[in-house]
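Bear in mind that the values here come from a model prediction, so they are computed numbers and not experimental data. Numbering of ligands and ligand atoms starts at 1, following listing order.
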Amino acid sequence: MSDNDKTKNWRPATRQVRAGVERTPFGETSEALFLTSGYVYESAEQAEKSFTGEEDHYVYSRYGNPTMTQFEDRLAAVEGAKFCKATASGMAAVFAALAAHLKTGDRIVAAQALFGACYHVIANILPQWGIKAEFVDGADLDAWAQALSTPAQAVFLETPSNPALSIIDIVAVSDLAHQAGALVVVDNAFATTVLQHPLELGADVVTYSATKHIDGQGRTLGGAILSNNEDYIENTVAPFLRQTGPCISPFNAWVLTKGLETIELRVTRQCENALAIAEFLSTQDAIEDVIYPGLKNHPAHELAMKQMSGHGGTIVAFHVKGGKEAAFRIMNKLEIIDISNNLGDAKSLITHPATTTHQKMTADEQLAAGIRPGTIRLSVGIEDVRDLIEDLEQALA
Ligand SMILES: Cc1ncc(COP(=O)(O)O)c(C=O)c1O
């Protein structure tokens with residue numbers, strides 16, 4: 001309900017702090033928090049008009065809430081998207097973005113390397129309703145071309161992927177997908193709105209787990225679906241969200257609105273720290289391989305630099321010698337970096353994907369997603385990088 005037009009000429013850092021602000025008559029500095037599930041009307045006629053849409057009035061917080069609108073407007077302005085719908089979590093966003101659009105008999109082509117729950121939705125849940133799923137190696141354009149040589153209704157990908165940090169060419173895949181008639185949905189959780197804007201690269205829809213870098217301080221869950229396609233958002237996604245109910249709590253929307261204010265500062269620092277850590281890890285004997293798109297030896301380094309504003313991202317993955325046992329030993333010795341499966345936090349967090357985030361995949365599916373028994377994923381925080389490197393050094397010793 002707020003007017004994003006005035007933010008058009010603002011630069012991203014200004015939008016992150018000020019877009020979507022709707023001050024109440026009290027003139028508060030910080031954004032107001034409307035913890036209300038319902039709304040009152042001056043008359044029965046006004047209630048009726050609010051439901052028919054003749055009057056612009058909130059009706060119920062499953063449909064919309066001023067704090068939710070503020071978050072949606074700010075994120076849309078920061079992302080450069082015309083429309084944004086907030087959701088209860090990142091998975092609610094991914095599921096709604098796909099389930100609202102796909103029908104029985106439709107076909108979805110997705111990258112193989114996905115976050116475990118995204119993979120589960122596409123491989124196991126959507127097929128329950130007769131939606132056919134096909135997975136391809138996301139980095140292989142020939143594989144996309146082959147899979148998209150027959151019509152498809154949706155394409156889904158993450159870049160960088162979780163946890164193998166595979167980089168997918170959004171421009172090229174969007175082009176192939178559009179020729180096949182597919183809606184392109186990009187999960188931008190790892191790249192963040194600071195580094196990568198998939199809609200500018202040809203994607204139709206962007207989803208976020210706002211739980212990650214948008215909050216950035218591990219407090220709340222949230223998600224969002226963004227697009228420039230009004231028909232898709234207003235006639236497909238919005239009714240689906242209203243009737244099925246994965247709405248964000250106003251409190252969480254408020255936390256995430258405040259999170260957006262500092263996202264660029266945090267993500268920039270996290271990227272600098274991540275590069276320094278990736279370079280350090282590359283010199284360590286205990287490590288077989290370091291995967292970081294910011295390193296020149298990453299197979300898609302140049303594409304990553306082009307697509308992600310010259311940064312490699314906030315996550316570093318590495319394979320340790322000695323498999324699961326060695327990985328656990330190193331993780332258990334860390335004194336600063338916490339063992340946690342969350343990511344994008346101000347605190348550095350480390351996880352063993354094979355036994356946590358991607359545990360539900362079979363060993364073969366894990367391998368296809370780039371996960372080995374010795375793979376570790378490190379979400380780099382904003383601490384002093386010298387302390388982080390010293391912590392890793394003593395754990396690897
Ligand atoms: C790439 C990606 N997409 C989606 C999600 C799901 O987000 P949420 O936990 O907010 O539902 C995650 C969570 O780790 C993720 O890494």
Item to check | N or O contact, Leu343 vs ligand 1, cut-off under 3.5 Å | outcome: no
Checklist entry - ligand 1 and Val94, any nitrogen or oxygen pair closer than 3.5 angstrom? => result no
Minimum-distance protein heavy atom relative to [atom]:
{"atom": "atom 9 (O) of ligand 1", "answer": "Lys212 NZ, 3.5 Å"}
{"atom": "atom 11 (O) of ligand 1", "answer": "Met91 N, 2.8 Å"}
{"atom": "atom 16 (O) of ligand 1", "answer": "Asn162 ND2, 3.0 Å"}
{"atom": "atom 7 (O) of ligand 1", "answer": "Ser209 OG, 3.0 Å"}
{"atom": "atom 10 (O) of ligand 1", "answer": "Thr211 OG1, 2.6 Å"}

So, are [X] and [Y] salt-bridged, with charged N and O less than 4.0 Å apart?
{"X": "Glu28", "Y": "Arg23", "result": "no"}
{"X": "Lys347", "Y": "Glu383", "result": "no"}
{"X": "Arg266", "Y": "Asp345", "result": "no"}
{"X": "Arg74", "Y": "Glu261", "result": "yes"}

Within the 4.0 Å heavy-atom shell around [X], which atoms of ligand 1 are there?
{"X": "Glu158", "answer": "1 (C)"}
{"X": "Asp187", "answer": "1 (C), 2 (C), 3 (N), 4 (C)"}
{"X": "Gly90", "answer": "7 (O), 8 (P), 10 (O), 11 (O)"}
{"X": "Phe190", "answer": "16 (O)"}

Checklist entry - What is the ring orientation for His352 with Phe328, classed by angle as parallel under 30°, tilted 30 to 60°, or perpendicular over 60°? => result perpendicular
Next on the checklist: Within the 4.5 Å heavy-atom criterion, are Ile108 and Val155 side-chain neighbours or not?
Outcome noted: no
Checklist outcome for this item: One should read off an interatomic distance between Lys321 NZ and Asp285 CG, to the nearest 0.5 angstrom, of 5.5 Å
Item to check | Between Thr356 and Asn341, a side-chain donor and acceptor under 3.5 Å | outcome: no
